[in-house]
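Just so you know, these numbers come straight off a predicted model, no measurement behind them. Nothing fancy with the numbering, it's 1 onward along the sequence.
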Amino acid sequence: MSGRQGAAAATDADPLRREYESSLSWRVTRPLRAAGRLARGLRGARAGSGTAAAALTAGRYDSWLEHLAGDRLATIDAACADAGPEAFALFRDLDVDLWALLLTQEYELYPNIRALLPSVPDPALQQLWNGASGARLAEQSVSFYDKLRERFAGHSDVPLTEARVLDFGCGWGRLTRFLARDVHPGRLYGCDPVEQILDVCRQSGVPATLARTDFLPERLPFDEPFDLAFSFSVFTHISEPAHEQCLQALHGALRPGGILVLTVRPPQYLQFSELMHPVLESLGPDPAARLEEARYLFAPHPAEPSHLQYEGGEMTYGETVITLPYIRERWSTLFDLLDVDVQIGDLYQVVITLRKR
């Protein structure tokens, strides 16, 4: 990212950061975030030492790209000059990790590629919204993106290139941008209930049709049905009534037989999240047995007006664990459960693949 782009992104991040950091919910969750950052930093320090390792983690990957894929990227870069959204198809055959590295914008080479691909928000905003930034966040994103494509290909009769795809809860377009190479221009969509983060998505140049959705949507703000909808780390944070409305809205937005891929927290998150410790204690002396039952476990964030996910009244945003028996029993009127997948790179985001009934 150039100095000018970085300054603009920092400006975008400031209002979101000020509003969220002033809220009590930020103060509640900040220790967990800090602990996570410390652990990630220690893992990085153990991975290498000395000036060479420091240079490699400084945020620039020019030498990697040039040495390992220079000729191919130079050809793509030339083809991207003055190109429109159709040029995203040029990246379709690249390895997913190489594609993810290009999306970080943490390099100076290949100016036409950098001009075509969406810019990246300031690392502080990425950290605020997702708990990580840069290549480490891209690594987590790849884990879900790769599974999403694999599951859709295995369960849909529509090629991904021809599909209408929705990112439900898109935020700043962290995952939306990954799909830009897979989907024909005009067939990629994103929605989120926070208008400020959608503005960041728009200003970054994410090539998708974007619209604000309600926190408790009766329907989604798009007319044509989708072949694929995905929702990363949304059902990990919302109350039971809110999730019911979101599921109904997504069901209504999918074509018959359409695929929905989302993530939920595993029961082990009850031990990890300090906010959920009282919920765990409420399960009694044998919580493991209780977690084999159909349970929706939710701990709301404090209802602070400055909280970006608060609209007044009951707080529907917090920390959530949904057991698999609950999904099998309660979601079966709307969806068939097709797959449950663990992500070794992001263990607290379990991937659930569903087909609309």
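- Listed here is the closest heavy atom pair of A163 and V183: O-CG1, 3.4 Å.
- Around CG of D93, the count of heavy atoms belonging to other residues, nucleotides or ligands within 6.0 Å does not exceed 12.
- Placement of L166 and L216 in two distinct hydrophobic clusters is found when ILVMFWY residues are connected by side-chain heavy-atom separations under 4.5 Å, directly or transitively.
- Side-chain N/O atoms of E240 and Y326 include a donor and acceptor closer than 3.5 Å.
- You'll find the side chain of W331 stays beyond 4.5 Å of the side chain of L337, heavy atoms only.
- For the residue pair R255 and D157, the shortest heavy atom distance occurs at NH2-OD1, 2.9 Å.
- A side-chain contact (heavy atoms from CB on, under 4.5 Å) with L354 is found for one member of L262, L338, D339 and no other, namely L262.
- Hydrophobic clustering, with ILVMFWY side chains joined whenever heavy atoms are under 4.5 angstrom apart, groups L98 together with L175.
- Scanning all heavy atoms of the two residues, the minimum distance from E329 to A294 falls at OE1-CB, 3.5 Å.
- The neighbour count for E66 CD, taken as heavy atoms of other residues, nucleotides or ligands under 6.0 Å away, does not exceed 12.
- Taking every heavy atom of both residues into account, P121 and R177 meet most closely at CD-NH2, 4.4 Å.
- At a threshold of 4.5 Å between side-chain heavy atoms, the hydrophobic network of Ile, Leu, Val, Met, Phe, Trp and Tyr places L198 and Y189 in two separate groups.
- For the residue pair F88 and R181, the shortest heavy atom distance occurs at O-CB, 3.4 Å.
- V120 and T104 get closest at one heavy-atom pair: CG2-O, 3.5 Å.
- Taking 4.5 Å as the limit, some side-chain heavy atom of F235 sits within range of a side-chain heavy atom of L247.
- Within the 4.5 Å cutoff, side-chain heavy atoms of F222 are placed close to those of C191.
- For the 3.5 Å distance criterion, the side chains of S143 and Q343 qualify, holding a donor opposite an acceptor.
- Linking ILVMFWY residues whenever their side-chain heavy atoms come closer than 4.5 Å, directly or via other members, leaves V351 and L347 in distinct clusters.
- Qualifying ring-ring contact (aromatic ring centres under 6.0 Å, His included) partners for F335, counting only residues two or more places apart in sequence or in other chains: H251.
- When T263, V342, V340 are each tested for a side-chain contact (heavy atoms from CB on, under 4.5 Å) with V350, only one passes: V340.
- At a threshold of 4.5 Å between side-chain heavy atoms, the hydrophobic network of Ile, Leu, Val, Met, Phe, Trp and Tyr places F91 and V206 in two separate groups.
- Not counting sequence neighbours, F168 has no partner by the ring-ring contact (aromatic ring centres under 6.0 Å, His included) test.
- The environment of E218 atom CD is sparse: at most 12 non-hydrogen atoms of other residues, nucleotides or ligands sit within 6.0 angstrom.
- L102 is listed as a side-chain neighbour of Y107, based on a closest heavy-atom distance under 4.5 Å.
- Judged by a 6.0 Å distance limit and a 45° cone about the ring axis, R174 is positioned over the six-membered ring of F232.
- Between H243 and F298, the gap from one ring centroid to the other reaches at least 6.0 Å.
- Figure legend: cation-pi geometry between R164 and F226, with NZ or CZ positioned under 6.0 Å from the six-membered ring centre and within 45° of its axis.
- Taking the salt bridge (charged side-chain N to carboxylate O under 4.0 Å, His left out) definition, one finds that R149 meets it with D146, D182, sequence neighbours left out.
- Put simply, the side chain of L334 does not reach to within 4.5 Å of the side chain of R357, judged on heavy atoms.
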